[in-house]
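Single-structure report; data block below.
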Amino acid sequence: MSNFKRTLITSALPYANGPVHIGHLAGVYVPADIYARYLRLKGEDVLFIGGSDEHGVPITLKAKKEGTTPQAVVDKYHGMIKDSFEKFGISFDVYSRTSAKIHHETASEIFKTLYDKGEFVEQTSEQFYDEEASQFLADRYITGTCPKCGFDKAYGDQCESCGTSLNATDLINPKSMLSGNVPVMRETKHWYLPLDRYESWLREWILEGHKEWKPNVYGQCKSWIDGGLNPRAVTRDLDWGIPVPVKGAEGKVLYVWFDAPIGYISATKELTSDWKKYWKDPESRLIHFIGKDNIVFHCIIFPVILKAEGSYILPDNVPANEFLNLEGDKISTSRNWAVWLHEYLEDFPGKEDVLKYTLTANAPETKDNDFTWKDFQTRNNSELVAILGNFVNRVLVLTNKYYEGTVPEAGSLEPQDVDALSAIGQLRIEIEKALDTFHFREALRLAMEMARLGNKYLADMEPWIVFKTNPERVKSIMHVCLQLTANLTIAFEPFLPFTMNRLRTFLNMEKLQWNELGRRDLLKSGHKVNTPELLFEKIEDEAIQRQVDKLLETKKANESAGPSTAPAKANIEYDDFAKMDIRTGTIVAAEKVAKTKKLLKLTINTGIDQRTVVSGIAEQYDPEQIIGQKVSILVNLAPKNLKGIESQGMILMAENHEGKLVFVVPADDIADGSEIR
RNA sequence: GGCGAGGUAGCUCAGUUGGUUAGAGCGCAUGAUUCAUAAUCAUGAGGUCGCGGGAUCAUGCCCCGCCCUCGCUACCA
C-alpha cells in the first residue's frame, strides 16, 4: 500500500432511469466519499470519480413509455442525480456521464484496440427481428404471453406478473414492442469477450494475489472462476448506445456493461489531461466502490477488458457492500419502496450529515442491513445530539461563561489531562487502521469515542464545581477541553463535512490536515472562539411519523391498485374455452423432484385415470400435507418433460401478486372426474 | 439442487493465526450530577456464540452433517 503514489477512487455509475436512494448511498457513495475525503485530508494525491450510466435497454423503454427520447430521459435523471449528490456533499472531483462525447470516443477506442489485437470472438446466432422496424429485438423489446401464468404482457426476459425470468423464445405469441408485429428469427453477428482464456490469469491475480479482499467479494469471484467462465457478448442489436466501431456492425452498439466501467476512464479524461498518470502508472492505486450486484463486472469482466487492452492498471481493491433494506423490505425503485435522496434533502434541510452518519453507522458492510426511521431518529438524538453536539456545546458555553470566549492558558497539566490528550493520538491510530481497511462503521464509532471521552473528562473534572474554589485549575481543564474539541474537527471531517465546517466557525479556526490530529496546541491560548449555536437538533417523533406514514401509504398503494392485479386478457371465443378439459381430481401421492427447489411430482386421480403431474408448488406445500387434497386439473394439456418426468396435465392454482398459491377446488364434495366448465 | 455470504446479548454489530471469567454502541434498570438540546457520568441485568456430532489439553473460531436468512444460478404446464 505504501508503494502507491496516488489513488483513483471510482464509485459505481448510477443508472439514469431513476433518482438516487439511500441504498445507493449506503452501499457506494457515502463510503467512497469518506475514503476520498480521508485521503485528501492526509494530503494524498487522490481523484474521486463518478458519473451517470446512460445506455442500455431499460432507458429506451422508459423513453418509449413516456413518449420521449432516450436522451431526454437521461438528461432528466442525470441532472437530478448530479444535483442531489452535490447538495448532499458527495465530493466527486468529476461527475460525468456515458452519453458524453469523450466517453463515446474512449469506449470506441478501447473496443477497437481489442478488436485489432484479436481479443474478440465473432459469433453468429439467431435472434428475434422486427421486419417492419428493420431491427433486431432485445429481450425487453418483446412481449407475449407468459408460459407460466398466462399474463399476456410478459417481457422477453421476465414476466412482471409472476416474476419468472424467461427467454424471449419461451413466450407464447411473441410480439415486437416496436411495431406490434410478430418477429421472425434472423441471424445476427456479435462479438464476444472470451473470458475463458483469462481463467488461469484471474485465478492467479485474484485467488492468489488478492486474498485480502472482503470475503463476500473474494467468495463471489472464486465461485465464478471455479464455475468456469464463458465468452460474453459485448455487443447488442440496439440503436441507443455507442456504435460498434467496426465494419459490418451497423445498427449494433456496445453492451452497456462493456461501456459503463470505461466511463471511469472517460470521466478522468474529462477532468484532467493528466489522466494517464492515474490509469497507466503502476504506482497508482485503483479502488472501485460498488454494491454486491456489481462484483462480477468489476472483478472479472472489466479487469479482463483492461488486461486485454494491456496498458491499464487493475483494481487494487473492490470493497463491495451488501444491500440496505428499508423498514424490513427490499428497496425497490419500481414499487417506490425507497427513501429518495432528493426528497430527503427537501424534508430534512441542513441534515445531510445526519443521514451520512446513520448510513455509515449502519452500513451493510458484512451483510444486508435494515434502515428504519426509528433508528435514524435514535442515532441522531442519542448519538449526534447527546454525545457529539452536547460535548461541543458544553465546552463552548463554559468557555464563553468563564473567559468570554478566550482560550485560557494551559497552566500545569495534571496526569488526567495528559491522559485525555494522549487518548486522541491513540484513537487516531485506530481510526486510520479502520479507514485503511475500509471498515467505515468501525472508524466512525472510534471517532465518536473521542467525543465520549470529552464528556467523561468533563464529568470527572467537574469544572463548574472546581471554579468556585480553584479557578486556576479550571483554566487547564477548559484548555484541554478546547483542544479536544478542535481535534474533533479533524477526526470527523471525512464523515460529517458540513457539520465540521460549522464547528470550525464556532471555534474560529481553519481546516486542518489529518496529520495534525492528536496535537495539543491546535488552539493557542488567547485565541477567541465564537458563541456557539447547536451543532445538531433533536428530531421529534412527528417528523419521523411523517416519513413512516409516507411509506405506509406507498405500501397501501402497492397493495390495492398498482400492477399487482393483472389486467384482463383479450377476449376469446367459446370454442377456445371449450377445448379445455378441466376435471376435479384428488392428489393421491406427492414427492419432491430431486435437485429442484420448486417442483413436486404429483400423482392425481382424475376420475379418468391416475396420472403424473409436475407442479411448481414445492416452496409452499409439503408433499405429505397435500395427499388427499382435492384439485382442479387441466387433463388435455399436451404432456411435457420436466427434469426427466413426463407431466401429463396441469393443476390449477390461484396466485396473488405476492406469489401465494392456493388450490382451486370444488366448493362441495363431488366425484373425481367431474367436468369443470 | 449447485455456488457464495451470513446466523454471537431485546436491536445493530466486533471478535485477530483455537488459549485465562465472550466484547462495544443503542435500548432497559438503579444511582450520581446540573456546565449542557431532560443532554451527561457510573454501576448493573441480559448470551447452552443456529442445531447435532467429531478431532484437540483447550474452540464462537478447525472437521463432518443438518436447519434458517440473503444473493447468484438451475427449475417453475
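Here is the naming used below: chain letters follow the sequence lines, and residue numbers restart at 1 for every chain. What you see below is based on every heavy atom in this structure, not just the backbone, and it leaves out hydrogens, waters and symmetry mates.
The side chain of A/T358 contributes no N or O atom lying less than 4.0 Å from OP1 or OP2 of B/rU12.
A/N380 and A/E537 form no side-chain donor-acceptor contact under 3.5 Å, judged by distance and modelled atom types alone. Donor-acceptor pairing under 3.5 Å is recorded for the side chains of A/T606 and A/D609. Donor-acceptor pairing under 3.5 Å is recorded for the side chains of A/N321 and A/K214. Between the side chains of A/T586 and A/D672, at least one donor-acceptor pair of N or O atoms lies under 3.5 Å.
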Sub-3.5 Å pairs of nitrogen or oxygen atoms, protein against nucleotides 39-42 of chain B:
from, atom 1, to, atom 2, distance (Å)
B/rA39, OP1, A/K538, NZ, 2.8
B/rA39, O2', A/A386, O, 3.2
B/rA39, O2', A/N390, ND2, 2.9
B/rU40, O2', A/R394, NH1, 3.1

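Two rings, from A/Y357 and A/F495, have their centers 6.0 Å or more apart. Residues A/F348 and A/W373 place their aromatic rings such that the two centres sit under 6.0 Å apart.
Base contact: A/L535 has a heavy atom under 4.0 Å from a base atom. A/R441 comes within 4.0 angstrom of the backbone, heavy atoms only, and of no base. If you check every strand for non-hydrogen atoms under 4.0 Å, A/E383 touches sugar and phosphate atoms only. Residue A/K222 is out of contact with every strand shown, counting any heavy-atom pair closer than 4.0 Å.
Map A/G649 and A/N216 each onto its nearest nucleotide of RNA chain B; the residue landing nearer the 5' end is A/N216. Taking the nucleotide of RNA chain B with the nearest heavy atom to each of A/K292 and A/E322, the more 5' of the two is matched to A/E322.
Taking the six-membered ring where the residue is Trp, A/H298 and A/F302 present perpendicular rings, their angle passing 60° and hence far from 30°.
A gap of 48 Å separates the P atoms of B/rG44 and B/rG1, to the nearest Å. B/rA29 sits 34 Å from B/rC70 when the P atoms are compared, rounded to a whole Å. Distance noted for atom C1' between B/rU56 and B/rG19: 12 Å (whole Å).
Helical stems in RNA chain B, defined as runs of 3 or more consecutive Watson-Crick or G-U wobble pairs with donor-acceptor distances under 3.5 Å: B:1-7 with B:67-73, B:10-13 with B:23-26, B:28-32 with B:40-44, B:50-54 with B:62-66.
The pair A/D581-A/R583 meets the salt-bridge criterion, with a side-chain N (NZ, NE, NH1 or NH2) lying under 4.0 Å from an Asp/Glu carboxylate O.
When distances run from any side-chain atom of A/S647 to the nucleotides B/rC70, B/rC35, B/rA77, the shortest one goes to B/rA77.
For the side chain to side chain donor-acceptor pair (under 3.5 Å) condition, the pairs that include at least one residue of residues 441-465 of chain A, sequence neighbours left out, are A/R394-A/N455, A/D417-A/Y457, A/E442-A/R445, A/K456-A/D460.
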